[in-house]
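Read the numbers this way: they start at 1 and go in the same order the structure lists the ligands and their atoms.
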Amino acid sequence: MPRRVVAGNWKMHKTAAQTHAFFEHFLRHVPALPDGVQVVIAPPFTALQTAAACLRGQDRVELGAQNVHWEQQGAFTGEVSIPMLAEFRVKYAIVGHSERRMYFGETDENVNRKVHALLEAGMTPIVAVGETIEQREAGVTNAVVVAQTRAAFENVSPEHAARAVVAYEPIWAIGTGLNCDPVEADRVMSEIRGSVRGLEDAPILYGGSMKTTNVREYAAQPNINGGLVGGASLDPDEFAALIEAARG
Ligand code: 13P
């Protein structure tokens, strides 16, 4: 069985001061969080140093980045490299999020470069895939997510793929309150799992309007190993309750 992971993607929310306030509160929940769920929080780059300082001395919550560049350093204005993230004890990086694909020109090719660089550095990519509402209505959901997953893992060994995390995030379910039916999400996620060798052992997360009220239904599905959570990860009490309910 792949391990369970719940990752909070804060997107462009919270200053360093707000991050400090979040952790001051959230850390009170940490001793009671279920052992079987790996918790990851991905704040903005500018809050990573504060988050790392807040998390010192505990090993239940890991830090993630919301993006990364595949080169170690160089003339890439506005980008952040793996060694820069490692300094702040970042272990995970989200790659290929639909917001980056839609608004910032993230391509399958660059997602693949990032996946290689992260796995070679011993970090865990959280590879996000998902279809638009038009693609779902045209009946091409499987083809879209399988193509995105195969492209992300091109020339990645099965041993390395098994160390990654994949997130299925139907774009129409993100931030809309229209979460995907858990049985349907599980069906798509079984296609994702079967599309690349090694992913049978990798956690596959659902993302898209996951809340404390629906997480149990997702956690009960055989192919759903946790969640990639946006809005519901911003409040410390709500996020802790969601993690508790994700134990399955
Ligand atoms: P919401 O949980 O706000 O729908 O966002 C999901 C998401 O995009 C996580 O990466």
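Taking the six-membered ring where the residue is Trp, Trp10 and Phe22 present perpendicular rings, their angle passing 60° and hence far from 30°.
For the pair Arg136 and Glu131, the salt-bridge criterion is met [side-chain N within less than 4.0 Å of a carboxylate O]. Glu238 and Lys211 are not joined by a salt bridge, as no carboxylate oxygen comes within less than 4.0 angstrom of a charged side-chain nitrogen. We find that Arg101 and Glu106 are not joined by a salt bridge, their nearest charged nitrogen and carboxylate oxygen being 4.0 Å or further apart. Ion pairing of Lys114 with Glu71 is absent here, as no side-chain N (NZ or NE/NH1/NH2) approaches a carboxylate O to less than 4.0 Å.
Ile126 belongs to a hydrophobic cluster with Val5, Val40, Tyr92, Ile94, Val165, Leu205, Leu228, counting contacts under 4.5 Å between side-chain heavy atoms of Ile, Leu, Val, Met, Phe, Trp and Tyr, direct or through other members.
Of all atoms in ligand 1, numbered sequentially from 1 with element shown, those under 4.0 Å from a heavy atom of Ser209 are 1 (P), 2 (O), 4 (O). Heavy-atom proximity to Leu228, at under 4.0 Å, picks out these atoms of ligand 1: 9 (C), 10 (O). Against a heavy-atom cut-off of under 4.0 Å, Gly208 is close to the following atoms of ligand 1: 4 (O), 6 (C). The atoms of ligand 1 that sit less than 4.0 Å from any heavy atom of Gly231 are 1 (P), 2 (O), 3 (O). Interface of Glu169 with ligand 1, defined as ligand atoms under 4.0 Å from a residue heavy atom, comprises 6 (C), 7 (C), 8 (O), 9 (C), 10 (O).
When His97, Gln66, Glu99, Lys211 are checked for heavy-atom proximity to atom 10 (O) of ligand 1, His97 turns out nearest. For atom 4 (O) of ligand 1, the nearest non-hydrogen atom from the set Gly230, Gly207, Gly175 comes from Gly175.
The distance criterion of under 3.5 Å between nitrogen or oxygen atoms is met by Asn9 with respect to ligand 1.
Looking only at heavy atoms of the protein, atom 5 (O) of ligand 1 is closest to Lys11 NZ, 3.3 Å.
Applying the ring pair (Phe, Tyr, Trp, His ring centres under 6.0 Å) criterion to His69, with sequence neighbours excluded, gives Phe76.
Heavy atoms of Ala232 come nearer than 4.0 angstrom to ligand 1 in no pair at all.
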